[in-house]
Amino acid sequence: MDWLQLFFGFFISNALGYGGGPSSIPLMYEEIVNHYHWLDNNQFSNMLALGNMLPGPIATKIAAFVGYEAGGWVGFAVSIIATVVPTAVALIWLLNLMQKYRKSDAVKGMTLLVQPVIAIMMVVMTWQLSANSVHTIGIWQSLGIAAVAYFAMVIKKIHPALVIVCAFVYGGIFLS
């Protein structure tokens, strides 16, 4: 295992993940599944579902799991360092810079115009994960679970973690 690959894979995806964990996930997916092949699509989907159920930032949970799977405890440490340290340093530096120029039209424009790019990245990842779900459990069951999840989270305002736990229980009972 080349630990530099782990470092750069997580460094790139987290350094460019504008907006935090949710926007980093498509970039991490690209590095983990498509570029380095540390996990396949199904493994990534399972890891993401489980990671979303646990407390804490999703990027560090993904880095911890993939780093350990790919390189043991050293891979774990390298992935966590690549995820946390550069982001923390960049955050401190950029927040100071943006604070200095907060009234600038260029800064306002940069933060507003990057949002559609992030939205499209999340739509693409959603499409890829949905296609995997449809392929694995079928269109009707996927649509049914999606509809129930939407109803629970949007209409009934049930916390997403509870919806994820219910999906895990459903999958464990009815799909095993």
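Across all non-hydrogen atoms, the minimal contact from S13 to M28 is OG-CG, 3.4 Å. When all heavy atoms are compared, the tightest approach of A63 to S79 is O-CB, 3.2 Å. Of all the heavy atoms in W38 and Q5, the pair that sits closest is CH2-O, 3.5 Å. For G51 against I58, the heavy-atom pair with the smallest separation is C-CD1, 3.6 Å. Closest approach of G75 to L6, counting heavy atoms only: CA-CD1, 3.5 Å.
Residues passing the side-chain hydrogen bond (donor to acceptor under 3.5 Å, both in side chains) test with D40, sequence neighbours excluded: none.
Contact check for L39 versus N46: no side-chain heavy atoms found under the 4.5 Å cut-off. By the 4.5 Å heavy-atom criterion applied to side chains, L4 and V78 are not counted as neighbours. Side-chain contact check for Q128 versus V33: every heavy-atom pair is 4.5 Å or farther apart. Side chains of F151 and K156 form a contact here, defined as non-hydrogen atoms less than 4.5 Å apart. In this structure, N132 and F44 have side chains that are not in contact, with every pair of non-hydrogen atoms separated by 4.5 Å or more. You'll find the side chain of N41 reaches within 4.5 Å of the side chain of Y29, heavy atoms only.
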Let's go through L50 and F65 carefully: what are the C-alpha distance in whole Å and the side-chain angles of both, what is the deciding distance for side-chain contact (heavy atoms from CB on, under 4.5 Å) to 0.1 Å, and is it a yes or a no?
CA-CA 11 Å; L50 183 60; F65 178 80; over 6 Å; no

Steps toward side chain to side chain donor-acceptor pair (under 3.5 Å) verdict (T60, T83):
CA-CA 7 Å; T60 54; T83 299; over 6 Å; no

Carefully, step by step, assess L48 and I62 under the rule side-chain contact (heavy atoms from CB on, under 4.5 Å).
CA-CA 7 Å; L48 184 61; I62 291 172; 4.1 Å; yes

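Distance CZ/F7 to CD1/I12: 9.5 Å, rounded to 0.5 Å. Within the model, atoms OG1 of T126 and CE of M122 stand 6.5 Å from one another, a figure rounded to the nearest 0.5 Å. Note: S142 OG to H135 NE2 = 11.5 Å, rounded to the nearest 0.5 Å. The distance from the CG atom of L97 to the NZ atom of K100 is 7.5 Å, given to the nearest 0.5 Å. Here the straight-line distance linking atom CE of M121 with atom OG of S24 works out to 7.5 Å at 0.5 Å rounding. Of the inter-residue distances, the one linking I81 atom CD1 with F76 atom CZ reads 10.0 Å to the nearest 0.5 angstrom.
Ring-plane geometry between F11 and F8 is classed as perpendicular, the angle between the planes exceeding 60 degrees on a 0 to 90 degree scale with a lower cut at 30. Between W73 and Y68, the angle of the ring planes goes over 60°, which puts this pair in the perpendicular group of the 30/60° scheme.
Enclosure of atom CG in D105 is not indicated, since only 12 or fewer non-hydrogen atoms of other residues, nucleotides or ligands lie within 6.0 angstrom.
Looking at H35, its side chain never comes within 3.5 Å of a backbone N or O of I32 through a donor-acceptor pair. Between the side chain of K61 and the main chain of L54, a donor-acceptor pair closer than 3.5 Å is present.
The hydrophobic clustering, which links ILVMFWY residues whose side-chain heavy atoms are closer than 4.5 Å, places I25 and Y36 together. Cluster membership for V66 and W3, using ILVMFWY side-chain heavy atoms within less than 4.5 angstrom, is shared. The cluster map of Ile, Leu, Val, Met, Phe, Trp and Tyr, joined by side-chain heavy atoms under 4.5 Å apart, puts M125 and V117 in the same cluster. Hydrophobic clustering (side-chain heavy atoms under 4.5 Å, transitive across Ile, Leu, Val, Met, Phe, Trp, Tyr) groups V134 together with L143. Two different hydrophobic clusters hold I92 and V85 under the rule that ILVMFWY side chains link at heavy-atom gaps under 4.5 Å.
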Only distances under 3.5 Å count here; give the side-chain donor-acceptor pairs of residues 157-170 to other protein atoms, sequence neighbours excluded, each with its distance to 0.1 Å.
{"unit_1": "K157", "atom_1": "NZ", "unit_2": "V154", "atom_2": "O", "d": "3.0"}
{"unit_1": "H159", "atom_1": "ND1", "unit_2": "A161", "atom_2": "N", "d": "3.0"}
{"unit_1": "Y170", "atom_1": "OH", "unit_2": "Q141", "atom_2": "NE2", "d": "2.5"}

